[in-house]
Amino acid sequence: MKVDAPTFRERVHAIARAIPRGRVITYGQIALLAGRPRGGREVGWIAHAGGAGIPWQRVVNRSGGVARGFSGGREGHSRALRRDGIRVGPEGRVDLKRYLWWPDARIRKRLRLS
DNA sequence: CGTATGACGAGCC
DNA sequence: AGGCTCGCCATAC
């Protein structure tokens, strides 16, 4: 059966849903995977628009920083990450060396990503 | 339709 | 390392 090509927003949602508990990904990475190398800002407002059942707290910026516009502000974002078992520093930063996630080949294939 | 805005990123200092 | 500037690009107004 023929299916329409997924929109950028749908790809972003699919990727965000695939992030495992205890790991994080960056806006830029999602944009790249979804086929828009400089679309970090877009991913940001897609995240801000929300989406039921999507663990947006696992999406952080390039510096590992939490989002100002998260529900509950930076504090809210930090709390949500800690509930995921992720350590968040006093400046609202996570250690990317430790928590950054990259989808493996199998997942990329399943989601039809680059 | 021109301007402003922003859950971003890379580069420079 | 951390702060600034500039580029990016869909939306909002």
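Below, chains carry the letters A, B, ... as their sequence lines are ordered, and counting in each starts from 1. Hydrogens, waters and symmetry mates play no part in the numbers below; they use all other heavy atoms, side chains included.
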Work out which heavy atom in [X] is nearest to a heavy atom in [Y]; give both atom names and the distance.
X       : Y        : result
A:Val60 : A:Leu96  : CG2-CD2, 4.0 Å
A:Gly40 : A:Ala31  : N-CB, 3.8 Å
A:Leu33 : A:Trp102 : CD2-CZ2, 4.2 Å

Output a table of nitrogen or oxygen pairs between the protein and nucleotides 1-5 of chain B separated by less than 3.5 Å.
none

Task: Pairwise salt bridge (charged side-chain N to carboxylate O under 4.0 Å, His left out) hits with a residue in residues 10-36 of chain A, at least two apart - done: A:Arg36-A:Glu42
- [ ] Kindly write out the residues that satisfy ring-ring contact (aromatic ring centres under 6.0 Å, His included) with A:Phe70, not counting sequence neighbours, or none if the list is empty.
- [x] A:His77
Distance, rounded to the nearest Å, where [X] contributes [atom1] and [N] contributes [atom2]:
X       : N     : atom1 : atom2 : result
A:Arg93 : B:dA7 : CZ    : P     : 17 Å
A:Phe8  : B:dC8 : CZ    : P     : 14 Å
A:Asn61 : B:dG9 : CG    : P     : 6 Å

Task: Under the salt bridge (Lys or Arg N to Asp or Glu O under 4.0 Å) test, residues paired with A:Arg68 that sit two or more places apart - done: none
List, with names and distances, any nitrogen or oxygen atoms from the protein found under 3.5 Å away from nitrogen or oxygen atoms belonging to nucleotides 10-13 of chain B.
residue: B:dA10; atom: OP2; partner: A:Arg62; partner atom: NE; Å: 2.9

Task: Within residues 97-104 of chain A: residues closer than 4.0 Å to DNA chain C (heavy atoms) - done: none
- [ ] Using the side chain to side chain donor-acceptor pair (under 3.5 Å) rule, collect all pairs that involve residues 105-114 of chain A, keeping only residues at least two apart or in two chains.
- [x] none
Open item on the list: Running the 4.5 Å side-chain criterion over Ile, Leu, Val, Met, Phe, Trp and Tyr, what cluster does A:Val3 land in, apart from itself?
Closed with: A:Met1
For residues 82-94 of chain A, please give each side-chain donor-acceptor pair under 3.5 Å, one per line with the distance, not counting sequence neighbours.
residue: A:Arg82; atom: NH2; partner: A:Val88; partner atom: O; Å: 3.1
residue: A:Asp84; atom: OD1; partner: A:Arg58; partner atom: NH2; Å: 3.4
residue: A:Asp84; atom: OD2; partner: A:Gln57; partner atom: NE2; Å: 3.2
residue: A:Asp84; atom: OD2; partner: A:Arg58; partner atom: NE; Å: 2.6
residue: A:Asp84; atom: OD2; partner: A:Arg58; partner atom: NH2; Å: 3.3
residue: A:Arg93; atom: NH1; partner: A:Ser63; partner atom: O; Å: 3.4

- [ ] Indicate yes or no: at least one non-hydrogen side-chain atom of A:Val24 is less than 4.5 angstrom from one of A:Ile19.
- [x] no
Under 4.0 Å, heavy atom to any atom of DNA chain B: which of [range] qualify?
range                     : result
residues 38-50 of chain A : A:Gly40, A:Arg41, A:Gly44, A:Ala47, A:His48
residues 77-92 of chain A : none
residues 15-33 of chain A : A:Thr26, A:Tyr27, A:Gly28

